[in-house]
2 protein chains.
Amino acid sequence: MHQVHPALRQPITAADRVLQEIQRAIVEGDIAAGSKISEPELARRFDLSRAPLREALARLERCHLIERIPNAGARVVTLSTAGLLALYQLRENLEGLACKLAAEHMTDAEITEVRQLLDQHLSSQRVREGESYYQEAGDLDFHYRVILGSKNSYLINILCDELYFLVRMYRVQLGMNGPRVSRAFDEHKAIINAIANRDGELADLLMRRHIAASRRNIELQLQQMGT
Amino acid sequence: MHQVHPALRQPITAADRVLQEIQRAIVEGDIAAGSKISEPELARRFDLSRAPLREALARLERCHLIERIPNAGARVVTLSTAGLLALYQLRENLEGLACKLAAEHMTDAEITEVRQLLDQHLSSQRVREGESYYQEAGDLDFHYRVILGSKNSYLINILCDELYFLVRMYRVQLGMNGPRVSRAFDEHKAIINAIANRDGELADLLMRRHIAASRRNIELQLQQMGT
DNA sequence: AAGCGCCAGATTGTCGACAATGTGCGCCTA
DNA sequence: TAGGCGCACATTGTCGACAATCTGGCGCTT
């Protein structure tokens with residue numbers, strides 16, 4: 001068996017559990033973007049003391065889901081076009097780098113696994129055409145695999161632990177369910193092919209384009225909501 | 001006056017103060033790399049309770065200076081060639097991106113300020129030829145300015161808050177004081193020129209080379225220590 | 001009536017103690 | 001004597017209460 005990434009380990013402590021719950025609540029909008037976080041209220045709601053709650057809040061700040069000001073409390077981040085742009089600028093670069101490194105460091109076995117994963121997603125996606133949740137989970141899964149394949153712990157930490165919840169938040173709250181689903185699969189396929197060919201430069205390029213396309217898709221969504 | 005970056009704000013709370021002290025202690029090696037962190041001991045040493053101390057530890061984990069395992073405690077990170085390589089791989093990309101964005105977003109006034117900063121460093125460096133501390137501080141200052149010039153808050157956060165203490169730790173503990181000082185200044189000059197010309201592509205390239213050169217320099221140092 | 005300062009309520013930061021978990025030594029067994 | 005089990009100790013996780021700080025509204029002054 002391969003080593004499980006720290007971020008994926010099952011919750012052990014109370015702080016871990018409440019962290020996951022609040023993370024989900026924020027990402028899915030149960031706790032509204034921009035709203036104030038009250039420590040006493042959350043403590044009552046999840047039936048624990050403020051100590052583990054504050055631990056959880058510290059980690060939420062780490063993945064940019066909340067912003068804290070000393071002596072003034074925490075607020076859920078507000079989504080904005082500027083924020084989305086900044087986030088995706090970073091993702092294009094970082095995941096491009098991840099691809100380049102994955103082309104150097106992934107084992108043949110790992111590449112085979114990812115290909116099997118894609119085939120699996122493809123078949124299940126063909127069946128449930130409009131369903132966006134599976135696609136999204138699958139998309140994240142693909143990206144996760146590639147990022148882990150880079151074997152760069154700092155890069156893995158930044159992308160998987162710190163940025164991905166925010167990416168998911170934008171996706172979920174803007175309701176990504178467009179016709180990009182099948183296109184994305186082809187792009188994933190091309191990327192893993194480049195990695196399998198050990199062509200890091202191409203994999204980098206393809207991933208940057210893939211994310212840029214995804215960004216344009218979301219921007220379009222935002223624009224439509226604005227009008 | 002320009003807005004002060006959150007990371008640079010003066011300490012308000014007890015957790016902030018102890019964080020800065022421990023950060024310095026780890027970076028400068030007062031607390032040895034790889035050693036275990038004892039919460040009760042540090043609490044006594046800094047004369048405060050464990051609550052703010054744990055807050056500080058959470059932030060130390062955030063900037064990769066310590067590693068925590070639930071119910072088992074925290075250890076100072078151990079420096080390694082692999083870790084150094086991973087860190088600099090990331091820096092090359094991220095700071096390259098920062099340069100590209102800075103070329104797009106820095107104001108003429110900000111560029112002028114950075115140039116004045118460089119002239120200032122050059123003159124004071126000419127005077128104290130071998131002194132490495134000023135050079136290092138100046139180098140970090142230059143990089144900070146460029147990063148802030150990118151105007152991408154996520155990028156700024158990752159580089160200034162999460163990675164730079166680690167970079168400093170490698171530099172300090174490996175005793176960077178070689179003859180690269182004057183070369184580095186020329187490279188800085190070339191980078192800010194490219195930014196001033198709004199040539200993002202060139203600025204990106206030059207910064208990547210600058211950091212790659214710095215990395216090779218440190219690797220050399222490591223190699224010498226190994227023999 | 002508008003603006004400033006002050007007070008009350010609520011919230012965050014900090015503390016010391018208790019509960020849960022992990023660690024290392026000594027003892028017993030084979 | 002080597003290996004495994006169990007207990008005592010130390011450390012981390014959690015709790016409830018107190019202190020410091022911020023927010024909003026009232027009354028006073030001009």
Side-chain angles (χ1 to χ4, degrees), chain A residues 3-4 6-23 25-26 31-32 34-78 161, chain B residues 3-4 6-7 9-23 25-26 31-78 161:
Chain A
Q3 175 80 11
V4 176
L8 302 176
R9 76 173 193 279
Q10 65 186 355
I12 304 289
T13 171
D16 282 318
R17 279 192 296 275
V18 69
L19 169 64
Q20 292 210 347
E21 290 202 54
I22 300 179
Q23 250 175 358
I26 291 179
I31 301 178
S35 63
K36 184 161 183 352
I37 297 268
S38 164
E39 292 184 8
E41 183 200 325
L42 281 185
R44 279 192 301 274
R45 181 163 157 187
F46 293 104
D47 194 43
L48 41 70
S49 94
R50 283 174 51 219
L53 183 67
R54 286 171 65 86
E55 171 81 26
L57 291 184
R59 297 194 212 167
L60 286 173
E61 185 180 24
R62 181 171 168 171
C63 53
H64 307 276
L65 291 182
I66 67 171
E67 287 166 355
R68 296 173 94 185
I69 299 172
N71 290 318
R75 307 193 76 86
V76 179
V77 293
T78 58
D161 299 346
Chain B
Q3 176 80 10
V4 175
R9 76 174 193 276
Q10 65 186 357
I12 303 289
T13 171
D16 282 318
R17 279 192 297 274
V18 70
L19 169 65
Q20 292 212 346
E21 290 202 55
I22 300 179
Q23 251 175 357
I26 291 179
I31 300 177
S35 63
K36 184 163 184 348
I37 296 268
S38 163
E39 293 184 7
E41 183 199 326
L42 282 184
R44 281 192 300 273
R45 181 162 156 188
F46 292 105
D47 194 43
L48 41 70
S49 95
R50 282 174 51 220
L53 183 67
R54 285 171 65 86
E55 170 81 26
L57 291 184
R59 297 194 212 168
L60 285 173
E61 186 180 24
R62 182 171 169 172
C63 55
H64 307 275
L65 290 182
I66 67 172
E67 287 166 355
R68 297 173 94 183
I69 300 172
N71 289 320
R75 305 195 77 86
V76 178
V77 294
T78 57
D161 299 346

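Order of the sequence lines fixes the chain letters, A, B, ..., with proteins taken first and strands second; residue numbering starts at 1 for each chain.
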Asks: What pairs with A:R50 under salt bridge (charged side-chain N to carboxylate O under 4.0 Å, His left out), at least two apart in sequence or on another chain?
Replies: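 Only A:E39 meet the salt bridge (charged side-chain N to carboxylate O under 4.0 Å, His left out) criterion with A:R50.
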
Asks: If only side-chain N and O atoms of A:R54 are considered, is one of them under 4.0 Å from the OP1 or OP2 phosphate oxygen of C:dT12?
Replies: no

Asks: Knowing that exactly one of B:L65, B:L60, B:I26, B:I22 qualifies, which makes a side chain to side chain contact (heavy atoms under 4.5 Å, CB included) with B:V76?
Replies: B:I26

Asks: By a strict heavy-atom criterion of less than 4.0 Å, which residues belonging to residues 62-69 of chain B are in contact with DNA chain D?
Replies: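 When residues 62-69 of chain B is checked for heavy atoms under 4.0 Å from DNA chain D, there are no hits whatsoever.
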
Asks: Under the side-chain contact (heavy atoms from CB on, under 4.5 Å) test, which residues partner A:V77, sequence neighbours left out?
Replies: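 If we apply the side-chain contact (heavy atoms from CB on, under 4.5 Å) test to A:V77, skipping adjacent residues, the hits are A:E67, A:L166, A:M169.
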
Asks: For each nucleotide in nucleotides 17-24 of chain D, reading 5' to 3', give B when a protein heavy atom comes within less than 4.0 Å of its base, S when such contact involves only the sugar-phosphate, and - otherwise.
Replies: B---SS--

Asks: Roughly, in whole Å, what's the span from CD in A:E55 to P in C:dG13?
Replies: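 Taking CD of A:E55 and P of C:dG13, I get 14 Å after rounding.
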
Asks: Just so I know, are the side chains of A:R59 and A:D16 near enough to count as touching, which here means a heavy-atom distance under 4.5 Å?
Replies: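 Of all side-chain heavy-atom pairs linking A:D16 with A:R59, at least one is under 4.5 Å.
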
Asks: Using a cut-off of 4.0 Å on non-hydrogen atoms, how would the nucleic acid contact of B:A14 be classed: base, sugar-phosphate, or nothing?
Replies: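 Here B:A14 touches the backbone only, sparing every base.
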
Asks: To the closest 0.5 Å, what do you measure between CD (B:E41) and CG (B:L53)?
Replies: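 The CG atom of B:L53 is 10.5 Å from CD of B:E41, to the nearest 0.5 Å.
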
Asks: What parts of residues 32-49 of chain B reach DNA chain C, counting only heavy atoms under 4.0 Å away?
Replies: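 Result for residues 32-49 of chain B: B:L48, B:S49, sorted by number.
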
Asks: For A:A32, what residues pass the side-chain contact (heavy atoms from CB on, under 4.5 Å) criterion, not counting sequence neighbours?
Replies: A:S35

Asks: Measure the distance from CG on A:L19 to C1' on D:dT14 and round it to the nearest whole Å.
Replies: 16 Å

Asks: Are the side chains of A:I69 and A:R75 in touch, meaning some heavy atoms are under 4.5 Å apart?
Replies: no

Asks: Mind checking side chain to side chain donor-acceptor pair (under 3.5 Å) for A:Q23 and listing every partner two or more places apart, or none if nothing turns up?
Replies: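 Testing A:Q23 for side chain to side chain donor-acceptor pair (under 3.5 Å), a comparison that skips the adjacent residues, returns none.
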
Asks: Please state how far atom CG in B:L53 lies from atom C1' in C:dG16, giving the value in whole angstrom units.
Replies: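 After rounding, the reported distance stands at 15 Å.
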
Asks: Sequence neighbours left out, what passes side-chain contact (heavy atoms from CB on, under 4.5 Å) with A:E61? Give chain and number order.
Replies: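 For A:E61, the residues satisfying side-chain contact (heavy atoms from CB on, under 4.5 Å) (neighbours in sequence not counted) are A:I66, A:R68, B:R62.
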
Asks: Hey, could you give me the OG/CZ distance between A:S38 and A:R45, rounded to the nearest 0.5 Å?
Replies: 11.0 Å

Asks: According to side-chain contact (heavy atoms from CB on, under 4.5 Å), who are the partners of A:T78, at least two apart in sequence or on a separate chain?
Replies: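 Residues passing side-chain contact (heavy atoms from CB on, under 4.5 Å) with A:T78: none at all.
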
Asks: At under 4.0 Å, does any side-chain N or O of A:T13 touch on OP1 or OP2 of D:dT14?
Replies: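 So the side-chain polar atoms of A:T13 do come within 4.0 Å of the phosphate oxygens OP1 or OP2 of D:dT14, strictly under.
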
